[in-house]
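Just below is one structure, and these are the notes that go with it.
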Amino acid sequence: MYAVLAGGVGAARFLRGLAAVAPPEDVVAIVNVGDDLELHGLRICPDLDSITYWLGGVVHPTQQWGRVHERFTVAEELARFGHEPWFTLGDRDLAVHLHRTARLREGVPLSVVTEEISRGFGVEQRLLPATDDPVETRIHTTDGRDLHFQEYWVRERAAPEVAAVRLAGGDDAEPGPWVVEALLDAEAVLVAPSNPVVSIGTILAIPGIAAALRTTAAPVVGISPIIGGTVVRGMAHKLLPAVGAEVSAAGVARHYGPALLDGWVVDERDAAAVPEVEALGIRCVATDTIMDDVEVAASLACTCLELAQECAG
Ligand code: GDP
Ligand code: CA
């Protein structure tokens with residue numbers, strides 16, 4: 001079984017490739033929930049939903065998140081009452097949030113509801129929320145504000161300068177059911193090319209998860225989300241400096257460090273970074289990592305599994 005630490009779209013693109021080379025029962029994704037928010041009384045889990053829509057084959061193909069053939073009737077009607085539509089909620093998407101919120105109100109844990117939702121989309125891979133406990137990524141800006149991650153990211157488009165990032169509730173949160181077991185039992189642990197600070201960092205901030213990664217016998221192999229000194233999409237380059245990391249393929253490897261990573265896959269455009277990463281004591285290979293086609297994603301997944309085998313051997 002392969003355990004994959006996952007954020008949203010970058011992780012979903014990788015998981016689609018892994019799905020092409022590994023049977024679904026062998027794939028467990030441990031997914032960030034720091035981005036979750038409540039809107040109109042509904043619990044929204046953007047990273048879990050992005051992965052579900054990708055693996056379920058219903059993602060919007062150019063936007064890369066949300067649903068294909070989406071409509072926005074409810075959002076348009078809400079505008080009558082002066083609701084500022086800064087966070088997109090499509091009609092189809094809303095059905096997921098309605099089901100999730102109703103089940104959570106009944107006292108059902110998020111991990112169980114997540115299984116119900118992924119099954120509803122025919123997803124056979126296991127998606128595990130990093131925790132069932134309430135956590136929230138908070139962004140402290142240099143102008144003295146404390147913003148919810150989505151207020152910073154979506155509403156303010158990552159414009160404010162960031163002083164610090166914190167997972168509120170993280171200290172008291174426990175890893176979700178099967179998360180630690182998956183990390184300890186895995187044949188390989190893969191770190192998806194997700195935002196190192198607000199996707200992977202917020203998973204590692206939950207006590208017990210980083211420790212399980214350091215103690216697991218499984219090789220841990222990651223993929224760089226930074227290519228040629230910038231992101232493929234998103235704004236990860238704005239958050240790395242806030243945690244003291246350099247915005248480069250080698251910089252992210254150094255940020256995770258050799259205690260966590262055994263192997264690191266960089267893009268072929270960053271082949272020059274390989275010796276720098278190996279000097280850290282992390283095995284490194286360069287290949288095509290821009291997963292616009294499923295073939296590239298599948299080949300990248302194979303490269304990761306081969307590197308994991310080398311690290312284990
Ligand atoms: P979000 O939660 O939707 O923002 O998604 P993630 O945290 O999973 O991913 C954002 C990161 O994924 C960004 O740093 C992107 O550069 C990276 N990313 C997205 N697609 C790809 C890809 O095809 N290849 C690589 N190497 N990185 C990618
Ligand atoms: Ca996210």
Side-chain angles (χ1 to χ4, degrees), residues 4-18 29-37 44-55 59-66 87-88 127 129-130 135-137 139 148-154 157-158 165 167 190-204 221-241 243 245 247-253 255-256 264-271 273 284-301 303-304:
V4 184
L5 300 190
V9 178
R13 282 155 62 91
F14 177 70
L15 285 163
R16 182 178 67 145
L18 187 59
I30 297 165
V31 185
N32 171 46
V33 290
D35 296 11
D36 292 12
L37 71 162
I44 300 164
C45 302
D47 287 352
L48 281 166
D49 292 346
S50 291
I51 293 175
T52 303
Y53 296 162
W54 270 87
L55 292 179
V59 74
H60 190 291
T62 51
Q63 190 176 261
Q64 311 229 346
W65 50 269
F87 195 91
T88 314
L127 308 187
V135 290
E136 192 174 283
T137 302
I139 305 288
H148 184 285
F149 171 72
Q150 301 293 357
E151 293 175 316
Y152 161 76
W153 193 254
V154 179
R157 298 186 187 283
V165 179
L167 185 69
L190 306 174
V191 182
S194 288
N195 190 310
V197 183
V198 292
S199 292
I200 305 299
T202 44
I203 297 175
L204 299 176
V221 168
I223 304 112
S224 176
I226 301 293
I227 300 180
T230 192
V231 289
V232 178
R233 57 185 301 286
M235 299 166 274
H237 53 297
K238 303 211 174 175
L239 289 168
L240 281 165
V243 298
V247 186
S248 69
V252 179
H255 172 66
Y256 289 142
W264 189 238
V265 179
V266 301
D267 193 81
E268 56 198 9
R269 295 152 194 85
D270 290 315
C284 186
V285 296
T287 187
D288 185 4
T289 72
I290 299 193
M291 300 178 280
D292 289 336
D293 304 310
V294 66
E295 291 78 14
V296 175
S299 152
L300 174 59
T303 303
C304 292

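As the structure lists them, so they are numbered: ligands from 1, and atoms in each ligand from 1.
Using a 4.0 Å cut-off to heavy atoms of A11, the atoms of ligand 1 that qualify are 8 (O). Near G8, the atoms of ligand 1 lying under 4.0 angstrom from a non-hydrogen atom of the residue are 1 (P), 2 (O), 3 (O), 5 (O), 6 (P), 7 (O), 8 (O). Below 4.0 Å from some heavy atom of M291 lie the following atoms of ligand 1, by number and element: 22 (C), 23 (O), 24 (N). Near G7, meaning under 4.0 Å from any of its heavy atoms, are these atoms of ligand 1: 8 (O).
Scanning all protein heavy atoms for the shortest distance to atom 20 (N) of ligand 1 gives R13 NE, 3.0 Å. Ranking the protein heavy atoms by distance from atom 8 (O) of ligand 1 puts S194 OG, 2.6 Å first. In this structure, atom 3 (O) of ligand 1 lies nearest to the protein heavy atom V9 N, 2.9 Å. The nearest protein atom to atom 19 (C) of ligand 1, hydrogens excluded, is given as G10 CA, 3.5 Å; this is a heavy-atom distance. Among all protein heavy atoms, the one lying closest to atom 10 (C) of ligand 1 is N195 N, 3.8 Å. Of the protein's heavy atoms, T289 O, 2.6 Å lies nearest to atom 24 (N) of ligand 1. Shortest contact from atom 13 (C) of ligand 1 to any protein heavy atom: R233 O, 3.2 Å. The protein heavy-atom contact nearest to atom 18 (N) of ligand 1 is P193 O, 3.7 Å.
Looking at every heavy atom in both residues, V294 comes nearest to R16 through N-NH2, 3.5 Å. Nearest approach of L37 to P46, heavy atoms of both residues: CD2-CG, 4.2 Å.
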(request) Assess whether side chain to side chain contact (heavy atoms under 4.5 Å, CB included) is satisfied between L300 and V265, documenting all intermediate values. (result) CA-CA 9 Å; L300 174 59; V265 179; 3.7 Å; yes
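Contact between S224 and ligand 1 is present, with at least one heavy atom of the residue lying under 4.0 Å from the ligand. Ligand 1 lies out of reach of D267, whose nearest heavy atom is not under 4.0 Å from it.
Nearest N/O/S atom of D47 with respect to the Ca ion (ligand 2) is recorded as OD1. Note on D35: its N/O/S atom closest to the Ca ion (ligand 2) is OD2.
Only the side chain of D47 comes within 4.0 Å of ligand 1, judged by heavy-atom distances.
Using a 4.5 Å heavy-atom cutoff, the side chains of L5 and S194 are not in contact. Contact check for T289 versus S224: no side-chain heavy atoms found under the 4.5 Å cut-off. At least one side-chain heavy atom of I227 sits under 4.5 Å from a side-chain heavy atom of D270. Inter-residue side-chain proximity for L240 and V197 is flagged as met; some heavy-atom pair is nearer than 4.5 Å. Looking only at side-chain heavy atoms (C-beta outward), D35 and W153 stay at 4.5 Å or farther from each other.
When atom types are taken as modelled, the side chain of N195 and the backbone of V198 share a donor-acceptor pair closer than 3.5 angstrom. The backbone N or O of S199 lies less than 3.5 Å from a partner atom in the side chain of T202, making a donor-acceptor pair. At least one donor-acceptor pair under 3.5 Å links the side chain of T137 to the backbone N or O of G34. Here the side chain of W264 pairs no donor or acceptor atom with the backbone of A250 at under 3.5 angstrom.
No N or O atom of I227 sits closer than 3.5 Å to an N or O atom of ligand 1. Between D292 and ligand 1, a contact under 3.5 Å exists for no N or O pair.
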